[in-house]
2 protein chains.
Amino acid sequence: MTETRTQRLPAAERRELMLDAASIVFGERGYAGTTTDAVAAAAGVSQAYIVRTFGSKEALFAETASRAVSRIKAVFRQAAASESAAEESVEERLGRAYVDLVADRGILLTVMHLLTLGHHDKFGPLAREGFLSIYRVLRDEVGLTPQEAETFLAKGMLINTMLGLRLPDIAATQPDAGELLTCVLEGAADEVVTLSTKHQPLGQAVRHSD
Amino acid sequence: MTETRTQRLPAAERRELMLDAASIVFGERGYAGTTTDAVAAAAGVSQAYIVRTFGSKEALFAETASRAVSRIKAVFRQAAASESAAEESVEERLGRAYVDLVADRGILLTVMHLLTLGHHDKFGPLAREGFLSIYRVLRDEVGLTPQEAETFLAKGMLINTMLGLRLPDIAATQPDAGELLTCVLEGAADEVVTLSTKHQPLGQAVRHSD
DNA sequence: GTCTATAAAGGGATAGAC
DNA sequence: GTCTATCCCTTTATAGAC
């Protein structure tokens, strides 16, 4: 066993590592299904240190989920804003946007889990606000119409669900899974193109840091 | 307090009541977030009795989720199959199908939660199979093309997410929530009509009991 | 900056009474 | 058919050592 453990690291850096780990674990198991111990194991630190660093499991999730929402918005903004740079079309940008998101497996799934917490006293408001803020980015900064944004969101959620379900893993043996998957992914490619050819010009999309 | 508690009931009947309660609670909180105690409280029985009746929390969820998946399929089948009866069009049937589903608040949300359990040893396979079986009903019995089924599923999931988020509750104060909501719901109505005018004839859709 | 040890609470499951 | 009481494991959070 090559134990890389127990190395002293600057707090900020270690913090990022812990959030990365949290993103993955929360993305897999959701808030209630995740133990701080599992996050600790994934981050290679002790359970107590996780709690000490973030204060509580709730605070850890709030931070992880907020970060995930921000990243999604950042990726969409980037896809829309860099219209001018290079010879890359907005279509390609938007296509890559989703790929970028999916590359970090935890981000999208953590947000999906956040979206199941509407009933929660503390996370419910966070979830609603996060969802609406993503919608606003698509509408106001990417320049989609409400209908386009809605279709985009719907398809994105279906894709995320299928990824969370691990349908790709069984596509080989289950023909229907493969069919649905290719159908949706092709559709998504179309989708991106369709949208990007219709959306209104957006000038320099303002980059709030939120 | 009008306590209706501690009434002896036939086992089968009590069982149904417990499953109804479980459907609501699991739908709100998900599998991991639900305690058998909460289900017991909702059903008006003791926690021990819930566990004794179903054997374990896992078994209770498996049964609740399976029942929910079956009901969804049943509603879709019904919408498609009763084409002949009365002067009601298939459009109206499909429209009502969703309304019927949403009426029982727990059904859809329980399935949504099931769909987040792809990683789970036991529920993962159940989730994948449930999802694919719903897809098959839409494709093989309702007669949608893969693309139509996919669009239908995507929009359905977006609606379910928004309901779970309780967006309708804040639509009054949050203009954007209202906008998205009306946009999606109108779209859904269109959707149903659009689909139903295009799908292939389906004869007598076979009614498996599963 | 990070760990070990442990307290305190929560929750699933079992036993047995009625 | 249904409840009360209770066991025991899991999990969050704290205290304090290094």
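Here the structure is a predicted model, which is why all the values come from computation and not from measurement. The analysis underlying the following values was restricted to heavy atoms, covering all of them including side chains, and did not include hydrogens, waters or symmetry mates. In the text below, chain A, chain B and the rest are named by the order of the sequence lines, each starting its count at 1.
When rounded to the nearest whole Å, the span between CG of A:L17 and C1' of C:dT2 equals 14 Å. The separation between B:F54 atom CZ and D:dT2 atom C1' is 14 Å, rounded to whole Å. Between B:Y49 atom OH and D:dT6 atom C1' the separation is 21 Å, expressed in whole Å. Here the P atom of nucleotide D:dC3 and the CG atom of B:L9 are 11 Å apart, to the nearest Å. Between the C1' atom of D:dC3 and the CD1 atom of B:I50 lies a distance of 13 Å, rounded to the nearest Å.
Within the structure, salt bridge (Lys or Arg N to Asp or Glu O under 4.0 Å) pairs that include any residue of residues 17-27 of chain A comprise A:D20-A:R67 (at least two apart or interchain). Under the ring-ring contact (aromatic ring centres under 6.0 Å, His included) criterion, no residue pair touches residues 155-184 of chain B, with sequence neighbours excluded. Residue pairs meeting the ring-ring contact (aromatic ring centres under 6.0 Å, His included) criterion with at least one member in residues 125-172 of chain B, sequence neighbours excluded: B:F76-B:F152.
For A:K57 and A:Y31, the positive end sits near the middle of the six-membered ring, less than 6.0 Å away and at most 45° from its axis.
Evaluation of the ring pair (Phe, Tyr, Trp, His ring centres under 6.0 Å) rule for B:F54 yields no partner, not counting sequence neighbours. Residues passing the salt bridge (charged side-chain N to carboxylate O under 4.0 Å, His left out) test with A:R105, sequence neighbours excluded: none.
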Self-check item: Contact letters for nucleotides 7-18 of chain C, in which S counts primed atoms plus P, OP1 and OP2 and B counts the base, heavy atoms under 4.0 Å
Solution: ----SBBB-B--
